[in-house]
2 protein chains.
Amino acid sequence: MSQIDIIQHLRHQPLFQRLSDPQLAALEPHVRPQRGDKGQLLFQRGDDCDGMYVVVYGKVKLAIPSPQGVEKVVEIIHPGQSFAEAVMFLGKPYPVLAQLLEDSLLLHIGAAGVFQALGEDPGFARNMLAGMSLRLHGMVRDVERYSVETALQRVIGYLLQQMDGAPTGGKAVLTLEANKNLIASRLNLTPETFSRVLQQLSKAGLVEVDGRDIALLDPAALADYGMTPPA
Amino acid sequence: MSQIDIIQHLRHQPLFQRLSDPQLAALEPHVRPQRGDKGQLLFQRGDDCDGMYVVVYGKVKLAIPSPQGVEKVVEIIHPGQSFAEAVMFLGKPYPVLAQLLEDSLLLHIGAAGVFQALGEDPGFARNMLAGMSLRLHGMVRDVERYSVETALQRVIGYLLQQMDGAPTGGKAVLTLEANKNLIASRLNLTPETFSRVLQQLSKAGLVEVDGRDIALLDPAALADYGMTPPA
DNA sequence: CGAACTTTTGAGCAACATCAAGCTTGGTGG
DNA sequence: CCACCAAGCTTGATGTTGCTCAAAAGTTCG
């Protein structure tokens with residue numbers, strides 16, 4: 001793995017796009033590529049943290065281990081996204097665990113490198129702030145979901161959200177980003193409840209479920225459903 | 001309200017402490033002081049956003065209005081803290097509403113001013129990143145609370161957290177930052193449940209409740225309690 | 001083909017919410 | 001100084017959502 005590779009990868013990450021060539025070169029010594037297989041634990045809750053990660057390819061799960069062994073999925077990180085920035089800034093131990101959902105390639109960027117880049121390029125700071133803002137908003141929505149929405153509403157909200165980006169006028173098809181157990185956890189549901197809700201939507205003629213593929217037959221009606229107690 | 005006042009206030013906010021005098025002067029035209037009375041709505045969910053706020057004195061509640069009129073308190077902002085930075089960065093409408101819990105003085109900083117300061121001072125960027133990191137961590141903990149902890153554990157966790165900063169070896173006394181209805185909402189509980197849990201802790205001899213003042217008689221034992229189903 | 005995992009289905013239950021009164025508390029005015 | 005009112009808080013009785021436990025039916029993959 002030569003230096004060229006790292007810089008090439010960095011250049012293609014949204015976070016680093018605006019850095020100049022010299023700035024990238026200066027960052028490079030702080031970057032460590034890290035390949036891993038599906039299932040590998042990147043870090044545990046409580047581990048110390050000395051940098052942040054960017055996903056080049058693959059998927060990473062961030063989750064909170066619960067005392068009873070069951071864990072709660074907080075977020076699923078996709079390629080181009082980063083994580084652990086906040087922990088790095090605070091110098092606290094990780095509040096979550098990170099595990100690879102697929103064989104993946106990550107870049108680990110040491111804290112020193114990040115601070116250096118921040119000092120050199122205001123655009124980088126803005127990118128990081130934008131990224132954290134996005135994540136913060138996601139968390140606010142999660143909190144909202146968990147606290148004011150019912151199971152039915154959470155599932156509907158998730159489906160509609162996943163559909164975004166494919167504005168097929170009438171119907172839309174999507175594929176779950178992970179297995180149903182994980183999605184259920186993400187929505188703070190048991191797999192049993194998730195299954196039942198999907199079936200309910202299916203019987204109502206709003207969706208068609210085929211394994212991980214889900215067709216939303218009428219997004220508008222779907223959005224309504226669940227808002228109105230049977231009336 | 002003269003220019004001097006604004007700059008003096010800014011200088012005392014953690015977020016702006018590191019800005020130089022000329023930088024503060026440059027920021028000043030983008031800053032608008034805003035005084036308001038208890039109960040005043042600063043903005044509603046869905047309003048457009050063109051800057052961030054800093055609390056000089058008073059308290060602000062951020063909450064999600066629920067369809068049925070009940071609202072869910074997301075956060076309570078204290079003096080020295082800021083809010084709406086993330087929304088400003090994303091240029092989205094507010095996902096929450098903001099209401100003054102007391103007569104307050106706020107500073108509203110226009111987006112242009114913030115971006116300017118970011119470009120001029122890396123320290124400012126770092127301060128903002130640190131602030132957002134902190135908020136993000138708070139949200140992660142909230143998500144954790146709502147999803148894996150029981151009502152009892154949430155209350156205990158809240159009490160212990162509020163106690164931080166007063167490391168009185170054995171016991172500690174704290175005053176709730178708002179009325180019990182608000183705290184209950186913050187913990188995603190009904191006021192009834194909150195009341196019952198406090199009473200349970202009281203009967204167990206772990207706390208003493210006197211209106212908004214709560215004495216933690218044995219923080220260590222309190223932390224244990226609720227971890228272990230009666231056994 | 002069989003082992004391991006994932007998903008579905010069913011029955012019972014627990015935690016917490018809801019609904020409905022009482023009971024304090026604090027501020028206001030007679 | 002006390003009566004009064006409204007808001008905040010507590011208490012009890014009842015209800016419902018989604019979880020737990022158990023097991024069967026699909027899937028995946030070597």
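Convention: sequence-line order gives letters A, B, ...; per-chain numbering from 1. A quick note: this is a predicted structure, and the numbers were derived from the prediction, not measured.
- Here C/dA14 presents its P atom at 22 Å from CD of B/E149, a figure rounded to the nearest Å.
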**OP:** Classify every nucleotide of nucleotides 17-24 of chain C by which part a protein heavy atom approaches to under 4.0 Å, writing B for the base, S for the sugar-phosphate alone and - for neither, in 5'-to-3' order.
**Re:** SBBB----
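- Atom pair A/R212:CZ and D/dT28:P shows a separation of 9 Å (rounding to whole Å applied).
- What separates CG of B/N179 from P of C/dG27 is a distance of 14 Å, to the nearest Å.
- Between the CG atom of A/L198 and the P atom of C/dT6 there is a distance of 17 Å, given to the nearest Å.
- A salt bridge is absent between B/R186 and B/E75; no separation between the charged side-chain nitrogens and carboxylate oxygens falls under 4.0 Å.
- In this structure, the OH atom of A/Y146 is 14 Å from the P atom of D/dG18, given to the nearest Å.
- Atoms CG (A/D210) and P (C/dT7) sit 13 Å apart, rounded to a whole Å.
- Considering only side-chain N and O atoms, B/K180 lies nowhere under 4.0 angstrom from the phosphate OP1 or OP2 of D/dA7.
- Side-chain atoms of A/Q99 come within 3.5 Å of backbone N or O of A/G39 as a donor-acceptor pair.
- With 3.5 Å as the limit, one finds a donor-acceptor pair spanning the side chains of A/H78 and A/E177.
- Counting to the nearest Å, the C1' atom of D/dT10 and the CD atom of B/Q200 are 15 Å from each other.
- At a threshold of 4.0 Å, the pair B/E102-B/K59 counts as salt-bridged, since one of the basic side-chain nitrogens sits closer than that to a carboxylate oxygen.
- Looking at residues two or more places apart in sequence or on another chain, you find a salt bridge (charged side-chain N to carboxylate O under 4.0 Å, His left out) between B/R11 and B/D21.
- Under 3.5 Å, the side chains of B/S147 and B/E144 contain no donor-acceptor pair of N or O atoms.
- Rounded to a whole Å, the CG atom of B/L152 is 15 Å from the C1' atom of C/dA14.
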